[in-house]
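Here the structure is laid out as structure tokens; the discussion comes afterwards.
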Amino acid sequence: MKKTVLLFAISLFLFACNSNKQQSGSGNTDSVLTAQDNLVDTVAANHNAVGAIDWNTIPDLKDIGSYPFITAPKGLKIETEKNGLTEHFEYEKLENYLGNDQLIKTEGKLGVIVMEMKPGYNDRYFDKNVYGYLDKIGAKILYSGPLSKEESVREKLKENMYSGVNRTTGTSDDQPVTVYAFRNQGKNYIINVQSNSAQGTIFIMELEAFEGTIKKYTATEIGSEIDKTGKAVLYINFDTDKATLKPEGKQVADEIANLLNENTGLKISIEGYTDNTGLANRNVELSKERAQSVMKYLIEKGAINPSRLKAAGYGADKPISPNDSEENKAKNRRVELVKIS
């Protein structure tokens, strides 16, 4: 009888341990490495209040190569790969889930890596390689497990949707997520990893504070530059792969309208340019759309006669800086106002 009671107690204990493990696991029970087990509750408990990550507690990693730091494991391939990424966004935001219905928003340069769906793809193989690598280099796990079931949190996570040159991708609400953080060369990085039986996706963000590149242009300054050189070079920010004027862009266009209204004999060609990121044909089309967007605004807002305006787009042609760094690429993403004789 005593043996029966003892066996029953042991069975209850083992059942309870197994239940707890299933509740805190990723749902892909043996695809996430042991190093991530038991971290979900502890990490989440330390992030009960929404706030910034304490980067003083995040490891500073050495000798890990350069951004985006992760390559495809043997036998897998990065979909539509360019510079190690499937898609690249110069400035974006990422909602990071840290458990207990808590999110932390980060902003900066975002890269998306999608491991191509092909014969032989296996999510367990993807997980073992990616998690194994990140654990090996010493990245810190902030959270590993299922996403929140709280509707407000899930709605916020839907904002992690990115339309790039080749595809649209975002956080999947029916897949577990593992969130890592690390520092390297004076910069902070955060990584979100998700996988299923069809593909594995990695979101890697290099955090940075937003610095607007739009100058406060005045009609006088623009006119002075045109008088001196025959053209004025302006930097008007547009969303990635879009041509809609943003509020700050409209402020610049208002000054162009003032200039044209003050100088009724002035005629200009509005010429758009991009850097060399993406497809050449699309860059030409996009730069033309942006130039036309400025021209349309001037006609509607400034009551400028259309005969005084032209619009053209040249894509990555005629760069004013080599496209060898993000800083130089930003210089090439411009609008020029060229005086028409």
Side-chain angles (χ1 to χ4, degrees), residues 89-93 107-109 163 208-278 281-323 325-341:
F89 303 92
E90 192 55 37
Y91 199 85
E92 262 297 353
K93 80 175 185 87
E107 296 180 329
K109 179 169 67 176
S163 295
E208 59 183 25
F210 180 74
E211 294 183 9
T213 56
I214 298 177
K215 288 172 54 181
K216 176 59 177 175
Y217 296 105
T218 66
T220 302
E221 290 172 339
I222 297 171
S224 176
E225 191 173 346
I226 291 176
D227 288 340
K228 289 178 182 178
T229 65
K231 67 179 181 180
V233 179
L234 308 178
Y235 292 94
I236 301 175
N237 281 347
F238 293 86
D239 288 329
T240 302
D241 202 41
K242 294 183 179 178
T244 304
L245 270 177
K246 300 166 76 171
E248 57 268 31
K250 290 179 180 179
Q251 292 177 10
V252 178
D254 285 340
E255 293 300 321
I256 300 172
N258 290 338
L259 171 68
L260 291 168
N261 284 324
E262 292 168 4
N263 299 269
T264 55
L266 179 61
K267 297 180 180 181
I268 59 171
S269 173
I270 304 163
E271 301 177 355
Y273 295 89
T274 68
D275 61 31
N276 66 347
T277 304
N281 289 343
R282 175 54 185 154
N283 283 338
V284 172
E285 179 185 4
L286 180 62
S287 61
K288 184 176 180 180
E289 290 172 355
R290 289 174 172 176
Q292 289 173 334
S293 180
V294 175
M295 183 173 71
K296 181 181 177 182
Y297 181 84
L298 291 174
I299 293 171
E300 294 177 350
K301 176 74 175 179
I304 307 300
N305 192 314
S307 65
R308 299 175 62 195
L309 304 172
K310 289 184 179 179
Y314 297 100
D317 289 350
K318 305 178 185 177
I320 58 177
S321 291
N323 285 293
S325 69
E326 291 306 326
E327 182 179 357
N328 283 339
K329 285 183 177 182
K331 294 176 182 177
N332 291 328
R333 297 191 294 268
R334 67 197 191 278
V335 171
E336 293 189 0
L337 306 181
V338 180
K339 183 177 181 179
I340 299 175
S341 300

Do [X] and [Y] have side chains that get closer than 4.5 Å, going by heavy atoms?
| X | Y | answer |
| --- | --- | --- |
| L234 | V294 | no |
| L245 | F238 | yes |
| D254 | Y297 | yes |
| N261 | I304 | yes |

[atom2] on [Y] to [atom1] on [X], rounded to 0.5 Å:
| X | Y | atom1 | atom2 | value |
| --- | --- | --- | --- | --- |
| N283 | L286 | CG | CG | 6.5 Å |
| L337 | L266 | CG | CG | 9.0 Å |
| R290 | K242 | CZ | NZ | 11.0 Å |
| E336 | I226 | CD | CD1 | 11.0 Å |
| K310 | M295 | NZ | CE | 11.0 Å |
| I236 | Y217 | CD1 | OH | 7.5 Å |

On a heavy-atom basis, which atom in [X] and which in [Y] lie closest, and how many Å separate them?
| X | Y | answer |
| --- | --- | --- |
| S287 | T274 | CB-CG2, 4.0 Å |
| G272 | A291 | N-CB, 3.9 Å |
| E255 | A219 | OE1-N, 2.9 Å |
| E208 | G108 | CG-CA, 3.7 Å |
| L309 | I270 | CD2-CD1, 4.5 Å |
| S321 | N332 | O-ND2, 2.8 Å |

- Passing option when D275 is tested against R333, K331, K329, K318 for salt bridge (Lys or Arg N to Asp or Glu O under 4.0 Å): R333
Counting only heavy atoms not in [X], do more than 12 sit closer than 6.0 Å to its [atom1] atom?
| X | atom1 | answer |
| --- | --- | --- |
| K301 | NZ | no |
| K246 | NZ | yes |
| K288 | NZ | no |

- Message: For E225 and V233: C-alpha separation, side-chain torsions, deciding distance, then whether side-chain contact (heavy atoms from CB on, under 4.5 Å) applies.
- Response: CA-CA 8 Å; E225 191 173 346; V233 179; 4.2 Å; yes
- Check the pair D239 / T244 against side-chain contact (heavy atoms from CB on, under 4.5 Å), numbers first and verdict last. CA-CA 8 Å; D239 288 329; T244 304; over 6 Å; no
- Item | Salt bridge R282-E285, side-chain N to carboxylate O under 4.0 Å |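 Salt bridge present between R282 and E285.
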